[in-house]
Amino acid sequence: MNGRDLVRSWWSAGGVGAARGLRTVRAAWRRRGADASGTGPRGPVRARVPGAVREVEPGPGGGVLRFGRSELRILVAVNGAVFWGWDGAGPEPSYALAGACPEPDPRAVLEPDTDGGWRVVAERVTVVVSRHGALEVLTPGGVMLRRDLPPRWWEPADGGGPARWMQRAEVPADARFFGLGGRVEGPRLRDGVHRLGNGVPGRGGGGAGGAAPVTMPVQMVVADAGTHLVFVDNPWDGTVTLREGAEGAGSGHDRLGTGELRMEGGPVRGWVIVGTPARVLLTWASLTGAPALPPAWAFGHHHVREGVGGEDEVRRVFAGHQERGLPLDAVHLGDGHLDGRRAFTVDQDRFPKLPVLADELRREGVRLVSVVPSAVHVETGLGEGAFSDLTEARVRYAGQAARGFAGVWHSQQESSAPVGREAHNVSALCLARAAYDGLRDDLPSGERPLVLSRSGWAGSQRYGGLWSGEGAAGWPGLRASLALVLGLGLCGVPFSGPDVVGGGGRDGSPELYVRRLQLAAYLPLLRTTAQGAEGGPWEHGAEVLGHARVALGERRRLLPYFVTLAHLARRTGAPMVRPLWWAAPEERALRDCEDAFLLGDALLVAPVLEPGVVRREVRLPRGRWYDTATGRAYEGPAKALVDAPLERIPVLARAGAVVPVCGEDGGIELEVWAPAPGRGGSGLVVPDGGDGADGPEVERYSVTCAGPRIVVRRETEDGVREPSRPVRVRGLGGSGGQM
C-alpha cells in the first residue's frame, strides 16, 4: 500500500458516511506506521547515474534522450515553461498542475550541440543537455541561468521500495534564492539545509533545517542575468541545501551558487520558467492554476473566537467592536463550537440556532467562518480519528453553508496523522480542494467561498489562502511573519497573513501588539485573535485602542485597492505583497532588502520590526516616493530616514500612482499622487461587482502634467474620457529631498 492507497482508505468527509471505512484505515495505520513516522533502517543499496547518451528521439517541443542507465524527457511548452523528467517521468499525473500539460512549442526543436550534447532553442530560453545528462538553462542571449548536474539514485539492492535520489545545481555567483513555501528565515533564503516536509515548527530541528507548515519545492532565483523559477514536481519528503556564490572581484574566479536536492523517493521531474518576475509567475499560474478570488469581505478584519463560549459570546464580540468604532467583517469560530471537537459538528447546547445567528450577523456585514480540524474524530475530544480520501476528486465538504458558514479555516494540517510519505505534503492541498468545491456548490448562487489553510503545497492558491498562525514569539516573530507572506507570494500564493495575537498573549507587550496590527493592516489577510472574554485591542488599554482604530480604519479605506490587487492576482498570478526588487531584480541592493515591501505597484510599506523605534531607514527603489502621512517627497534610489511614531508605520506612495480608496460615502475614490516633473503615471482599478463576479472590467487611468495642473483620464477602447469617480490629487505640496 503506497501513500495514495493509504489515504484512499476512507472516502467521505462531513456528515453522512463519516464512519465508513474506519476499521480499514486503522489497520492501515498499524501496518504502515513506519511509512509515516520514518523510513526505518536502510538495507544495502546500489548507486546509479544516467551514463552517456546513446540514442535521441526528437519530438514536438523537445524529445527523449536515452542514456546508458536512464532516459531524459525534455519539453518546451507554448507558454515558455521547460519540463524535464528522468526515468520515463512525464508531466502528468500531477497534484500541482491545474489541468493537462500545456501543448509543446512547435518551433522548439531538439538538435545536436557541441561535444556530443543536444539543445532545444526556444523564443525565451535555450536548453542544453550534455552527453552525460547535465541540463543547462540559458537566456536567449546564451547566458547561463542554471545548470542541473546528472541525478544520482540509491536503489534498494533487493529491488523493493522507492529509490532515494539527489541532484546538484549551479547558478550564477550573484544569484539570490527565494521561495520554498513560507519560510521564517526568508524571504531571501540563507545558506544551509531547508526541509521539504510539512510539519509543526519547532519539531525536527530548528532554524532552516526545521519543519515548516508550508513547504514547496519551488524556488525563484534572481541574478543579474535574469530571473527563473524552478519547481521539482515531487511531493515526497526531502531537503534542499543552498549556498550562495561569491564573485571574484573581476579576477574571473567566481564561486557559483549551488543547490543540492535530496528526496526520499518519487519521480525525478520538474519545470523551469525564465523571464521577469511578473512573467515567471504568470506562467506559473498558467501551469498550477489561477489564484482563487476571495470574496470582497475577506479583505476586511477577521477576528478569531476561541474558547467554549456560545452564541451570546459571539454577539458580545461583535458588539465590543461596534461600540468602540472598530470595523469587523468576519468572526472565526474555533474548535470550541464543535461537538466534542469533532469536525463538521456543532455543539447544540451552546449554538442551538447557529443559522439564525449567522443571518443576524450577515445583516450587519459580518460573516461566520468555521474551523475544520484535519481529522474527523470518532470519539469526543482528541481520540482516534480518520482522514478522508483526499486524493479522490469526489470528496468535498457538505452542510457547512446550511449551518450559516461563509467559509472555513483548517487547523493542524501540517501535523496530520499518518498519510504516507508520498501524500503527506499534498494532503492539505487536497483538503483545501474538498472544502472549496463543497462550499462553492452549497453557497447561494454567485457567492465566492473563503478557504484558509494552515498548510499546503504547490497549487494551493487554486482553492484559497494560507494563514501562518501566531508564529514565533516576540519581535523576531514579527519579522518572520513578513518573510512568510513574501515567500508564499513568490510561490504563487497571493492571499496569506499571520494571526495578530492580543489580550495578554505570550508576548504581552502593547507596543509589539500595535506593531503587529499595523503590519497586518497592509497584508492580504488581516486576522486578529485574543485571549480575553470578549477579545479585542481594547484589552491593552485606551492608547492601544486608539492606535488600533487608526490601523483598522486605514485598512477599511484601502479595501478597494486590496480588491483590485486580488482581481489582478487572479488574472496575472502577481503577488499582492511583493519584494522591493519585484520591478527591478537587477538592482542588487533591493535583492537584499527584507524589512520593507511593495503592496501592489503603488505603495511601499516599511513596518517597524524592533522595539522602541520611532524613526527608521527605508530603502527606496527608483523614482519619487511620497510619505503618505506627511506628503514629503523622496527621490530614489536612496535610503531615506522616515518618521515612524507608535501611531503609524511608514507608508510611501509612488509618484504618478492611482490608488482606489473608499470615500466618505462608501464609494470608490481615486487617490492620485502627483507625478515627478516631466513624468506621467497610471493605475488600474477593478471594482468588485459582488461576491459572484470574478471578471469585472478593468478600469485604466493615466496621469499627466499640463503645466501646473494634474490631468487624470480614463482610457477605454473608444479613447480617453473624464473619470466618473471622484479624484483627489496628493503630493502637490511635497518638497523633494532625501535623507
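All residue numbers refer to positions in the sequence shown, counting from 1. Here the structure is a predicted model, which means the values were calculated and not measured.
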Problem set entry | Between Trp467 and Phe495, ring centroids under 6.0 Å | no
Exercise. Do other residues, nucleotides or ligands put more than 12 heavy atoms under 6.0 Å from the CZ atom of Arg46?
Worked result: yes
For this session: Walk me through it: do Trp284 and Phe231 pass the test ring pair (Phe, Tyr, Trp, His ring centres under 6.0 Å)?
Result: CA-CA 9 Å; Trp284 174 245; Phe231 167 51; 5.1 Å; yes
Problem set entry | Flag for His228-Gln219: side-chain donor and acceptor within less than 3.5 Å | no
Problem set entry | Arg69 side chain to Val49 backbone, donor-acceptor under 3.5 Å | yes
Problem set entry | Min side-chain heavy-atom separation Thr215-Arg183 under 4.5 Å | yes
Problem set entry | Over all atoms of both residues, closest heavy-atom pair of Pro140 and Val125 | CG-N, 4.2 Å
For this session: List the steps and the verdict of salt bridge (charged side-chain N to carboxylate O under 4.0 Å, His left out) for Asp105 and Arg124.
Result: CA-CA 11 Å; Asp105 183 350; Arg124 302 172 190 166; over 6 Å; no
Exercise. Okay, side chain of Ser455, backbone of Pro213: is any donor-acceptor separation there less than 3.5 Å?
Worked result: yes
Problem set entry | More than 12 heavy atoms of other groups within 6.0 Å of Arg107 CZ | no
For this session: Might you point out which heavy atoms bring Cys491 and Val218 nearest each other, and give the distance in Å?
Result: SG-O, 3.9 Å
For this session: Looking only at non-hydrogen atoms, find the nearest pair between Thr288 and Arg462 and report the distance.
Result: O-NH1, 2.7 Å
Exercise. Taking Glu92 for the side chain and Ala100 for the main chain, is one N or O donor matched with an acceptor at less than 3.5 Å?
Worked result: no
Exercise. Passes salt bridge (charged side-chain N to carboxylate O under 4.0 Å, His left out), Arg591 versus Asp174? Steps please.
Worked result: CA-CA 10 Å; Arg591 287 184 216 158; Asp174 67 288; 3.3 Å; yes
Exercise. Side chains of Val171 and Leu256: does their closest heavy-atom pair fall under 4.5 Å?
Worked result: no
Problem set entry | Exceeds 12 heavy-atom contacts within 6.0 angstrom, atom CD of Glu103 | no
Problem set entry | Phe67 and Trp86 aromatic ring geometry - parallel, tilted or perpendicular at 30°/60° bounds | tilted
For this session: Using a 4.5 Å cut-off on heavy atoms from C-beta on, say whether the side chain of Val485 contacts that of Phe597.
Result: no
Problem set entry | Arg152 atom CZ, neighbour heavy-atom count above 12 within 6.0 Å | no
Exercise. Should we count CZ of Arg131 as having more than 12 external heavy atoms under 6.0 Å?
Worked result: no
Problem set entry | salt bridge (charged side-chain N to carboxylate O under 4.0 Å, His left out) evaluation trace for Arg146 with Glu170 | CA-CA 6 Å; Arg146 114 176 257 107; Glu170 299 173 340; over 6 Å; no
For this session: Specify the closest pair of heavy atoms between Gly265 and Trp165, including all atoms of both residues, with the distance to one decimal.
Result: O-NE1, 3.5 Å
Exercise. Taking the side chain from Thr276 and the backbone from Arg279, do they hold a donor-acceptor pair closer than 3.5 Å?
Worked result: yes
For this session: State which residue, out of Asp191, Val193, Thr258, fulfils the side-chain contact (heavy atoms from CB on, under 4.5 Å) condition with Thr241.
Result: Val193
Exercise. Do Leu72 and Val129 come close enough that some side-chain heavy atom pair is under 4.5 Å?
Worked result: yes
Problem set entry | Trace of the salt bridge (charged side-chain N to carboxylate O under 4.0 Å, His left out) decision for Arg479 with Glu185 | CA-CA 9 Å; Arg479 184 179 292 270; Glu185 66 273 14; over 6 Å; no
Problem set entry | Residue that, paired with Asp592, satisfies salt bridge (charged side-chain N to carboxylate O under 4.0 Å, His left out) out of Arg190, Arg188, Arg619 | Arg188
Exercise. Are any side-chain N or O atoms of His424 and backbone N or O atoms of Asn198, one a donor and one an acceptor, separated by less than 3.5 Å?
Worked result: yes
Exercise. Would you find a donor on one side and an acceptor on the other, under 3.5 Å apart, between the side chain of Asp87 and the backbone of Ser70?
Worked result: no
Problem set entry | Minimum side-chain heavy-atom gap Leu466-Leu488 below 4.5 Å | yes
Exercise. Judged by modelled atom types alone, do Ser94 and Asp233 share a side-chain donor-acceptor pair under 3.5 Å?
Worked result: yes
Problem set entry | Heavy-atom check, side chain of Leu135 versus side chain of Val127, under 4.5 Å | yes
Exercise. Do side-chain atoms of Gln461 reach the backbone of Gly289 as a donor and acceptor pair under 3.5 angstrom?
Worked result: yes
Exercise. Under 4.5 Å between any side-chain heavy atoms of Val232 and Leu261, yes or no?
Worked result: yes
Exercise. Where do Trp582 and Ala574 come nearest, in terms of heavy atoms and distance?
Worked result: CZ2-CB, 4.0 Å
Exercise. Side-chain contact, heavy-atom cut-off 4.5 Å: Tyr463 with Leu429?
Worked result: yes
Exercise. Taking all atoms of both residues into account, what is the closest heavy-atom pair of Pro498 and Leu523, and its distance?
Worked result: CD-CD1, 3.6 Å
Exercise. Taking the side chain from Gln167 and the backbone from Leu149, do they hold a donor-acceptor pair closer than 3.5 Å?
Worked result: yes
